[in-house]
Amino acid sequence: QVLLVESGGGLVQAGGSLRLSCAASGRTFDSKAMAWFRQPPGKEREFVAAINWNGLNTYYANSVKGRFTISRDNAKNSVYLQMSALEPEDTALYYCAINKYPALRSVTHYSDRTTFEYWGQGTQVTVSS
């Protein structure tokens, strides 16, 4: 059984930083792209960042570009999201996800949730003003 477990969420003041982690178990995902999505209160789930299977290509939503950094450690079957300069608008439930493919070509492709095969349960990030 595949299980994705996110951690690292919490309450932080605006301008602060958090590092989210997502550990996968049940099988190895070193040949799959991975990503982070988020769902703000009362809104749809939205794409945040993605990384291809070997970590050489990363993709970001415009709203987080320059502030967030996605990375992965295939030896640990894990993906991370370093978040800096956090804003109240970043408040959301953050999910990690594993794609069906090793790599996609663009943010538009990664934003398509149907290409993701496995999802975590989410970790809450709350940014106070």
Side-chain angles (χ1 to χ4, degrees):
Q1 180 183 356
V2 173
L3 187 63
L4 302 183
V5 179
E6 300 98 335
S7 61
L11 174 63
V12 64
Q13 287 190 328
S17 299
L18 282 174
R19 185 176 188 248
L20 305 184
S21 299
C22 172
S25 60
R27 53 170 285 191
T28 300
F29 293 105
D30 56 4
S31 64
K32 304 293 187 183
M34 303 177 82
W36 289 93
F37 285 73
R38 67 186 182 187
Q39 187 163 12
K43 296 185 179 181
E44 293 282 316
R45 193 173 300 188
E46 62 185 22
F47 170 78
V48 175
I51 188 166
N52 71 343
W53 70 278
N54 61 7
L56 292 184
N57 296 94
T58 57
Y59 302 83
Y60 297 92
N62 287 335
S63 59
V64 306
K65 199 174 295 184
R67 300 187 298 122
F68 291 10
T69 302
I70 189 171
S71 61
R72 65 188 295 162
D73 185 338
N74 285 344
K76 296 182 178 179
N77 227 19
S78 295
V79 64
Y80 309 96
L81 187 68
Q82 177 67 47
M83 305 185 295
S84 303
L86 284 162
E87 304 168 352
E89 293 73 24
D90 296 317
T91 294
L93 190 59
Y94 282 71
Y95 299 89
C96 67
I98 297 177
N99 202 270
K100 300 175 184 177
Y101 307 106
L104 298 179
R105 288 180 291 176
S106 68
V107 168
T108 299
H109 290 90
Y110 276 115
S111 298
D112 180 359
R113 285 178 280 165
T114 66
T115 67
F116 289 86
E117 193 170 15
Y118 300 104
W119 294 84
Q121 293 299 304
T123 184
Q124 178 67 39
V125 172
T126 302
V127 184
S128 63
S129 56

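Worth knowing before you read on, the calculation uses all heavy atoms, side chains too, and leaves out hydrogens, waters and symmetry mates. Every value quoted in this text rests on a predicted model; they were computed, and no experiment measured them.
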ask   = Closest heavy-atom contact between Ser129 and Pro88?
value =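 Taking every non-hydrogen atom into account, CB-CG, 3.8 Å.
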query = If every non-hydrogen atom of His109 is compared with every non-hydrogen atom of Ser106, which pair is closest and at what distance?
reply =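 Scanning both residues, the minimum pair turns out to be ND1-OG, 2.6 Å.
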key: Axial cation check for Phe37 ring with Arg113, 6.0 Å and 45° limits   =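 No cation-pi geometry.
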request  = Quick one: list whatever passes ring-ring contact (aromatic ring centres under 6.0 Å, His included) with Tyr110, sequence neighbours left out.
outcome  =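 Only Tyr59 meet the ring-ring contact (aromatic ring centres under 6.0 Å, His included) criterion with Tyr110.
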task = Please name all residues satisfying ring-ring contact (aromatic ring centres under 6.0 Å, His included) with Tyr80, sequence neighbours left out, ordered by chain then number.
result =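 Expected list: none.
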request  = Hey, could you give me each pair passing salt bridge (charged side-chain N to carboxylate O under 4.0 Å, His left out) that has a residue in residues 20-37? Not counting sequence neighbours.
outcome  =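 Residue pairs passing salt bridge (charged side-chain N to carboxylate O under 4.0 Å, His left out), neighbours aside: none found.
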Backbone N or O of [Y] within a donor-acceptor pair of the [X] side chain at under 3.5 Å?
| X | Y | answer |
| --- | --- | --- |
| Arg45 | Leu93 | no |
| Asn57 | Asn52 | no |
| Asn74 | Asn77 | no |

ask   = What pairs meet the side-chain hydrogen bond (donor to acceptor under 3.5 Å, both in side chains) rule with one or both residues in residues 4-23, with sequence neighbours excluded?
value =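 Residue pairs with at least one partner in residues 4-23: there are none.
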request  = Sequence neighbours left out, what pairs pass side-chain hydrogen bond (donor to acceptor under 3.5 Å, both in side chains) with at least one residue falling in residues 81-90?
outcome  =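 For residues 81-90, and leaving out neighbouring residues, the side-chain hydrogen bond (donor to acceptor under 3.5 Å, both in side chains) pairs sorted by first residue read Arg38-Asp90, Arg67-Asp90.
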Listed by chain and number, what are the side-chain hydrogen bond (donor to acceptor under 3.5 Å, both in side chains) partners of [X], not counting sequence neighbours?
| X | result |
| --- | --- |
| Thr108 | none |
| Thr28 | none |
| Asp73 | none |
| Lys100 | none |

request  = Tell me who clusters with Val127, hydrophobic residues only, linked when side chains sit under 4.5 Å apart either directly or through other members.
outcome  =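 Val127 clusters with Val2, Leu4, Val12, Leu18, Leu20, Phe29, Met34, Trp36, Val48, Ile51, Tyr60, Val64, Phe68, Ile70, Val79, Leu81, Met83, Leu86, Tyr94, Ile98, Tyr118, Val125.
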ask   = Other than Trp53, which residues form its hydrophobic cluster under the rule that side-chain heavy atoms must be closer than 4.5 Å?
value =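 So far as hydrophobic clustering goes, Trp53 is joined with none.
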query = Atom CZ of Arg72 and atom OG1 of Thr58: how far apart are they, to the nearest 0.5 Å?
reply =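 Answer rounded to 0.5 Å: 12.0 Å.
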ask   = To the nearest 0.5 Å, what is the distance between OG (Ser31) and CG (Asn99)?
value =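 It is 11.0 Å, given to the nearest 0.5 Å.
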task = Name all residues meeting the side chain to side chain contact (heavy atoms under 4.5 Å, CB included) criterion together with Thr126; count only those two or more places apart in sequence or in a different chain, and write none if there are none.
result =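 So Thr126 forms a side chain to side chain contact (heavy atoms under 4.5 Å, CB included) with Leu11, Thr91, Gln124.
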query = According to a 4.5 Å side-chain heavy-atom criterion applied to Ile, Leu, Val, Met, Phe, Trp and Tyr, with indirect links allowed, do Tyr95 and Val5 form part of one hydrophobic cluster?
reply =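 Cluster IDs for Tyr95 and Val5 differ.
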